[in-house]
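We name chains A, B, ... by the order of the sequence lines, and we start the count at 1 in each one.
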There are 4 protein chains.
Amino acid sequence: MGQKERRQREKMQRRTQILNAARALLLKEGFSKTSVNKISRKAELSIGSIYFYFKNKEEIFASLQQEGLEILHAYVNSETEGITDCRERLKKGAEAYYRFSRKHKDYFDVINYFLSSPQVFFSENEKRTIDSKGAMILENIANTVSRGVAEGVFVEDYPGNFAMLFWASLHGLIQMRKLQGTMLESEDFDTFFQYSVDKLIDSIRRK
Amino acid sequence: MGQKERRQREKMQRRTQILNAARALLLKEGFSKTSVNKISRKAELSIGSIYFYFKNKEEIFASLQQEGLEILHAYVNSETEGITDCRERLKKGAEAYYRFSRKHKDYFDVINYFLSSPQVFFSENEKRTIDSKGAMILENIANTVSRGVAEGVFVEDYPGNFAMLFWASLHGLIQMRKLQGTMLESEDFDTFFQYSVDKLIDSIRRK
Amino acid sequence: MGQKERRQREKMQRRTQILNAARALLLKEGFSKTSVNKISRKAELSIGSIYFYFKNKEEIFASLQQEGLEILHAYVNSETEGITDCRERLKKGAEAYYRFSRKHKDYFDVINYFLSSPQVFFSENEKRTIDSKGAMILENIANTVSRGVAEGVFVEDYPGNFAMLFWASLHGLIQMRKLQGTMLESEDFDTFFQYSVDKLIDSIRRK
Amino acid sequence: MGQKERRQREKMQRRTQILNAARALLLKEGFSKTSVNKISRKAELSIGSIYFYFKNKEEIFASLQQEGLEILHAYVNSETEGITDCRERLKKGAEAYYRFSRKHKDYFDVINYFLSSPQVFFSENEKRTIDSKGAMILENIANTVSRGVAEGVFVEDYPGNFAMLFWASLHGLIQMRKLQGTMLESEDFDTFFQYSVDKLIDSIRRK
DNA sequence: CATGAATGAGTATTCATTCAT
DNA sequence: AATGAATGAATACTCATTCAT
């Protein structure tokens, strides 16, 4: 009776094992150098097993991205929950996203990879599940904006659009981090990021 | 007579031949699938010749990116020159950037690739020349902002920072284009982009 | 039933297959012209398989050298065992080494290659195993010398040193074989070799 | 009139230029990494010119070996001239050879390369000129031995053979240098080399 | 004499994936 | 459900040599 469940549990464990290995390699060696062979060695599972649990390499990374979006969502949530001031909420959320990009560089790189790569990689099915995670994050922002509007702090007719603009801008900003020391006017990136977030939030402030 | 020059010209043509092939492949097959072998086949030149004209694969792509930045700069310039109204200038510039990303998808992808890829790819030397091109584009924005401030249209203490924020946001936005139909509230991306640019420019408008 | 063992046996056979091919090519074409591609073709195995059985090209050659040292050791042993007269033992051993260099030209060339090539090729680990094989051969000589000293036939304070000198000289001599007919005074190399061995052994004879 | 000679002189200079470059690369990068392309770059001459002055790559290295043998000869001569004591002469000569192998590692490697490589590389013609250089060195040793015999210091019926044995042994010994720290009993190679030379000379000493 | 552009087979190694067991 | 041997095309890059100018 309990056999089925145990099996099921073991199956999930194997999956996790593989994802752990893939994630670790991703962080250490980067994207292009993370091969299925290496994953199998690190996960202490045969190559055959990898292909039993995942259709192909992409599916592994798609799973990783989903994971990443979940963690991102949880992280931003935990860093902003309890904050009632709407502007503060947006600000803290933005900072949390930036911190996430540094603390969870591996996950951020996965998310970034699929976001910025010009090719389409996922099946419609995969796309849908990934989108739903992303939507949660966007909703969070949009809700805060809506609340701000209701409270008279913000002025914004399209909270959903602003949420997307907000996220896109943050994402673009973080990518620019590598230009630190060259094109960047501010002494350090952190100051610049701070400045940018303030500017973005200011754009919907009631004057 | 003129032999030397003809040779020189032919040499430049070969270089162009190679870059054309590389660019075409980049657009069609994406980055990781664009190999030196394929470039040589497409350019109808031997592999050895590729390496005669370029030190390695990276140098090809670095050249492509430089080209791209130059074209981008020229394109945005041509689309904004003569416009005296500062807000209009920024707006048209942003739209030009977006149009560039679609009309010159190949070049945009190259620029985007190096901007968004987490690995560092270029030598200090290459980085410097590329940065200088990028700096020109940023300066263009910063100058317009400064002028706007002088004219009393804008309020902004750090035009350089804003220029960077502006560019980063536009870049982030364009990447989100692929989410059209899923996470995007606006019916179509163009409307959303328009909205976003207005928002960004509004954030430095004198009230 | 014996499936596992059969598999294991087959695996060893494949390894041998590869080493055979590598050895044959080494003998026929020399070192620098022995490529992994050629080995794979000769062994009738895919390139991938070669790399499944050996980490890289060096490991193949290291294996070959180890094999060679083992065979050399066994050969010299078999040719000298039972000989009680110490001088005779050394003499027969030296002759055996020379004969080995001709009968097992392939293995000798491998050993010679790594001994005489100015570059360091092996990892510390590989070096250690190879050294241990070489040490056995040296010990054999040193022991005979020591026994000779005990028996009053030889006079030598440093049997270990002499063993090395003995081996080094033999090795140097065999390399000179190719000068036969030019710089060599003796009509033929064999006579010269005989002469040399006598001379070397004589240098530790009690007078 | 003097034109021809100037031309001739320039031609020799070009040759020297090429050989200098080849030698320098040989020392810095080792054998297999010294390519004709690199030589041409280092020599500041076109590839075509290299092939005008040398039939192919091997010819360059053959020339280098000849040079090496000449320098070796001159070096050993200069270090032993004026020494009248025969045993001292041999000893100093041997030490000079060892020193040569370290001070002129590049030349020694070339000589060693062709001596120890199992393939035949040179045409009969090349072989002859190289042999003649080697013969000079051997003669030097043989003469000293002969003189020692005449003086009653040495006992040796075949000075030519001994000369060859002496050289071969020295050469073999120097190759063993890389085993320092593993198979070598003596703390350091220098001591061992000293020991070996004494032993070899001792083997022809009148008792 | 001298140049240097052009070649293309060659190098070692990695890779995602398949499939018989 | 799990294994791991086998594949072979693919990767970036190097090389000695040729030859038209």
Undergrad: Whole Å only: how far is the OH atom of A:Y53 from the C1' atom of E:dT17?
TA: 19 Å
Undergrad: In dot-bracket notation, what is the pairing pattern of DNA chain E, taking Watson-Crick (N1-N3 plus N6-O4 or O6-N4) and G-U wobble (N1-O2 and O6-N3) contacts under 3.5 Å, with [ ] crossing and | for other strands?
TA: .||||||||||||||||||||
Undergrad: Starting at atom CD1 of A:I47, determine the distance to atom P of E:dT14, rounded to an integer number of angstrom.
TA: 14 Å
Undergrad: How long is the straight-line distance from CD1 of C:I18 back to OG of C:S40, given to the nearest 0.5 Å?
TA: 9.0 Å
Undergrad: Where the side chain of B:S35 is concerned, which of E:dT3, F:dA12, F:dT17 is the nearest nucleotide?
TA: F:dA12
Undergrad: Could I get the full list of side-chain hydrogen bond (donor to acceptor under 3.5 Å, both in side chains) partners for D:R15, not counting sequence neighbours?
TA: D:S63
Undergrad: Quickly work out the D:I39 CD1 to F:dA16 P distance and round it to whole Å.
TA: 8 Å
Undergrad: To the nearest angstrom, how far is C:R41 atom CZ from F:dG8 atom C1'?
TA: 13 Å
Undergrad: Which nucleotide wins on minimum distance to the side chain of C:S46, given the candidates E:dA12, F:dG8, F:dA12?
TA: F:dG8
Undergrad: Quick one: D:Q13 CD to E:dA2 P, roughly how many Å, whole number?
TA: 11 Å
Undergrad: Starting from P on F:dT17, measure out to CZ on D:F54 and report it in whole angstrom.
TA: 13 Å
Undergrad: Please pick, from F:dA12, F:dA16, E:dA16, the nucleotide with the shortest atom-to-atom distance to any side-chain atom of D:K57.
TA: F:dA16
Undergrad: Closest approach to the side chain of A:N37, judged atom by atom: which nucleotide of E:dA12, F:dT3, E:dA16 is it?
TA: E:dA16
Undergrad: OG1/B:T34 to CG/B:L27 distance, rounded to the nearest 0.5 angstrom?
TA: 9.5 Å
Undergrad: Over how many whole Å does the gap from B:I60 atom CD1 to F:dA12 atom C1' extend?
TA: 10 Å
Undergrad: Can you tell me the distance, in whole Å, between the CD atom of C:E10 and the C1' atom of F:dT3?
TA: 15 Å
Undergrad: The side chain of C:K38 lies closest to which of these nucleotides: F:dA12, F:dA2, E:dT11?
TA: E:dT11
Undergrad: With a cut-off of less than 4.0 Å, is there a side-chain N or O of C:R14 near OP1 or OP2 of F:dA6?
TA: yes
Undergrad: Distance check, rounded to the nearest 0.5 Å: A:S35 atom OG versus A:L25 atom CG?
TA: 7.5 Å
Undergrad: Is there a side-chain contact between C:Q65 and C:F61 in this structure, where contact means two heavy atoms from C-beta onward sitting under 4.5 Å apart?
TA: no
